[in-house]
Number of protein chains: 2
Amino acid sequence: MALSFWIKNRSVLLYSASLAALLFLIKWLEWRFIIVDYSFELYAGATAFIFTLLGVWLALKIAKPKTLVVEKHVLVKTNDFVFDAAALTRLGLSKREMEVLQLMADGLSNQDIAEKLFVSLNTIKTHSSKVFEKLEVQRRTQAVDKAKKLNLIP
Amino acid sequence: MALSFWIKNRSVLLYSASLAALLFLIKWLEWRFIIVDYSFELYAGATAFIFTLLGVWLALKIAKPKTLVVEKHVLVKTNDFVFDAAALTRLGLSKREMEVLQLMADGLSNQDIAEKLFVSLNTIKTHSSKVFEKLEVQRRTQAVDKAKKLNLIP
DNA sequence: ATCAAAATCACCCTAAAGTATGAGCTTAAT
DNA sequence: ATTAAGCTCATACTTTAGGGTGATTTTGAT
């Protein structure tokens with residue numbers, strides 16, 4: 001508790017202590033008659049100087065650091081394909097249809113796709129027909145081309 | 001010249017002027033015998049307080065703002081297709097074959113390509129067959145996929 | 001529990017794609 | 001001039017793709 005208070009207000013406490021110490025110092029010197037002959041202006045100047053420094057130090061410690069935000073534009077190659085979910089929703093392609101579409105884009109024949117997905121060739125034909133309908137194309141090459149342009153597949 | 005010097009060092013000049021002004025003020029008050037009875041501690045305290053404030057103000061004015069560099073990632077439509085001439089040479093695709101390949105990639109049927117290039121369907125079949133041979137694939141979708149991966153076409 | 005969409009499969013038929021072979025013509029290099 | 005490569009086209013054939021229709025089963029949401 002006391003420690004955290006010290007840490008949080010260290011600057012203020014040190015400043016107060018410095019102020020007290022300086023006054024004590026001046027008093028002590030006055031009492032000693034050592035520099036009593038010094039001009040008032042010197043006292044004032046020295047005090048002003050010292051406390052200016054203290055003020056500067058205090059300000060630097062306390063003040064929220066001024067942050068100047070500099071935006072550095074970094075060009076990021078968008079190799080990374082960003083899937084257009086909105087387009088998918090709009091076109092209403094089902095999960096299975098997307099699978100078939102992706103495999104078509106990979107150059108697989110309907111027979112290949114059927115084997116890969118463990119379904120019959122006829123099933124793939126049905127799926128691909130629906131894909132063509134929804135993409136409003138007639139051939140698989142058109143479907144792949146359009147799907148890529150629509151960011152449905154990489 | 002003088003103006004820019006003023007702008008650059010305004011803070012310091014104002015500080016110096018303030019210091020001088022305060023000393024003059026104190027001297028003037030002393031001369032007037034108005035507050036000559038006030039204690040030395042009061043002078044010191046007031047001076048300390050005022051110049052602390054000045055120091056704080058000075059510091060806040062002078063302090064270099066901490067520059068925080070924020071990397072802003074800008075997605076760039078990377079039309080960074082760099083045609084791989086070496087691959088083309090290696091595979092030995094002719095100009096006409098590249099044309100056909102490109103049109104295949106655009107989703108055109110053999111008949112479409114034939115009409116576009118003002119040649120017969122059979123000619124396109126011959127060309128596409130040679131393309132498949134050279135790309136070592138069996139179907140046009142595979143050819144397109146491979147050609148894209150090889151940076152032969154965008 | 002019910003209903004709609006999705007997924008599965010079949011059959012038939014047509015269109016398109018792909019394979020194989022041969023051949024005429026043009027062009028660029030040797 | 002000869003040659004090789006490229007472009008063109010044809011015929012015949014096989015394979016794959018695509019369209020249309022209908023049906024059953026799964027699944028997800030209300």
Side-chain angles (χ1 to χ4, degrees), chain A residues 83-150 152-153, chain B residues 83-150 152-153:
Chain A
F83 171 69
D84 188 348
L88 178 63
T89 306
R90 178 164 47 80
L91 296 170
L93 283 162
S94 75
K95 201 185 299 180
R96 203 55 155 174
E97 285 158 3
M98 281 297 292
E99 269 187 290
V100 172
L101 177 58
Q102 176 60 67
L103 293 173
M104 280 203 297
D106 292 339
L108 276 66
S109 69
N110 286 340
Q111 186 60 57
D112 293 338
I113 299 173
E115 285 167 13
K116 187 149 196 165
L117 299 183
F118 302 107
V119 294
S120 81
L121 173 60
N122 284 314
T123 300
I124 299 303
K125 283 189 175 184
T126 304
H127 285 317
S128 58
S129 282
K130 283 199 165 288
V131 168
F132 300 155
E133 255 181 56
K134 292 176 179 177
L135 286 181
E136 297 175 286
V137 296
Q138 284 74 45
R139 280 175 293 284
R140 62 211 289 105
T141 44
Q142 290 178 337
V144 169
D145 187 52
K146 190 158 187 178
K148 287 188 183 233
K149 283 174 178 165
L150 290 175
L152 289 175
I153 54 176
Chain B
F83 173 68
D84 190 346
L88 178 63
T89 306
R90 178 164 46 79
L91 297 170
L93 282 163
S94 76
K95 201 185 302 180
R96 202 57 157 171
E97 284 158 3
M98 280 298 291
E99 268 186 290
V100 173
L101 177 58
Q102 177 60 68
L103 293 174
M104 279 203 293
D106 292 338
L108 275 67
S109 68
N110 285 341
Q111 186 61 55
D112 293 338
I113 299 174
E115 285 167 12
K116 186 150 198 165
L117 298 183
F118 303 105
V119 294
S120 81
L121 173 60
N122 285 314
T123 301
I124 299 305
K125 284 189 176 186
T126 304
H127 286 316
S128 58
S129 282
K130 282 201 166 287
V131 169
F132 301 154
E133 256 181 57
K134 292 177 179 176
L135 287 180
E136 297 175 288
V137 297
Q138 284 73 46
R139 278 173 293 284
R140 63 209 290 102
T141 44
Q142 290 178 336
V144 169
D145 186 53
K146 190 159 187 176
K148 288 191 182 233
K149 283 174 179 165
L150 291 175
L152 288 175
I153 54 176

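Numbered from 1 within each chain, the chains take letters A, B, ... in sequence-line order. Keep in mind the model is a prediction, meaning the values are calculated, not measured.
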Checklist outcome for this item: Looking only at dA7(C), dA17(C), dT8(D), the nucleotide nearest the K95(A) side chain is dA7(C)
Next on the checklist: Would you say S94(A) places a side-chain N or O within less than 4.0 Å of OP1 or OP2 belonging to dA7(C)?
Outcome noted: yes
Checklist entry - Does L101(A) reach the side chain of M98(A), with side-chain heavy atoms less than 4.5 Å apart? => result yes
Item to check | Comparing T126(A) and N122(B) on DNA chain D - which has the more 5′ nearest nucleotide | outcome: N122(B)
Item to check | Under-4.0 Å side-chain N/O to phosphate OP1/OP2 contact, S129(B) with dG18(C) | outcome: no
Checklist entry - Does the side chain of H127(A) get closer than 4.0 angstrom to OP1 or OP2 of dA7(C) through an N or O atom? => result no
Next on the checklist: Whether R140(A) contacts dA17(D) is assessed here as follows: a side-chain N or O lying under 4.0 Å from the phosphate OP1 or OP2. Is that the case?
Outcome noted: yes
Next on the checklist: Is there a side-chain contact between R139(B) and the phosphate of dG18(C), meaning an N or O under 4.0 Å from OP1 or OP2?
Outcome noted: no
Item to check | Any S120(A) side-chain nitrogen or oxygen under 4.0 Å from OP1 or OP2 of dA10(C) | outcome: yes
Checklist entry - Rounded to the Å, how far apart are I113(B) CD1 and dG18(C) C1'? => result 13 Å
Checklist entry - 5'-most contact on DNA chain D: L121(B) or Q111(A), nearest heavy atom basis? => result L121(B)
Checklist outcome for this item: Of the listed dA17(D), dA7(C), dG18(D), the closest approach to the S109(A) side chain comes from dA17(D)
Checklist entry - Any side-chain N or O of T123(A) under 4.0 Å from OP1/OP2 of dC9(C)? => result yes
Checklist entry - Whole Å only: how far is the CD1 atom of I124(B) from the P atom of dC7(D)? => result 11 Å
Checklist entry - To the nearest Å, how far apart are K125(A) NZ and dA23(D) P? => result 20 Å
Item to check | Close side-chain approach of R140(B) to N110(B), heavy-atom, < 4.5 Å | outcome: yes
Checklist entry - Should I113(A) and H127(A) count as side-chain neighbours, where that means a heavy-atom distance under 4.5 Å? => result no
Next on the checklist: Nearest whole Å is fine: how far is dT15(D) P from N110(B) CG?
Outcome noted: 19 Å
Item to check | Whether over 12 other heavy atoms sit under 6.0 Å from K134(B) NZ | outcome: yes
Item to check | Side chains of L117(B) and I124(B) in contact at under 4.5 Å (non-hydrogen atoms) | outcome: yes
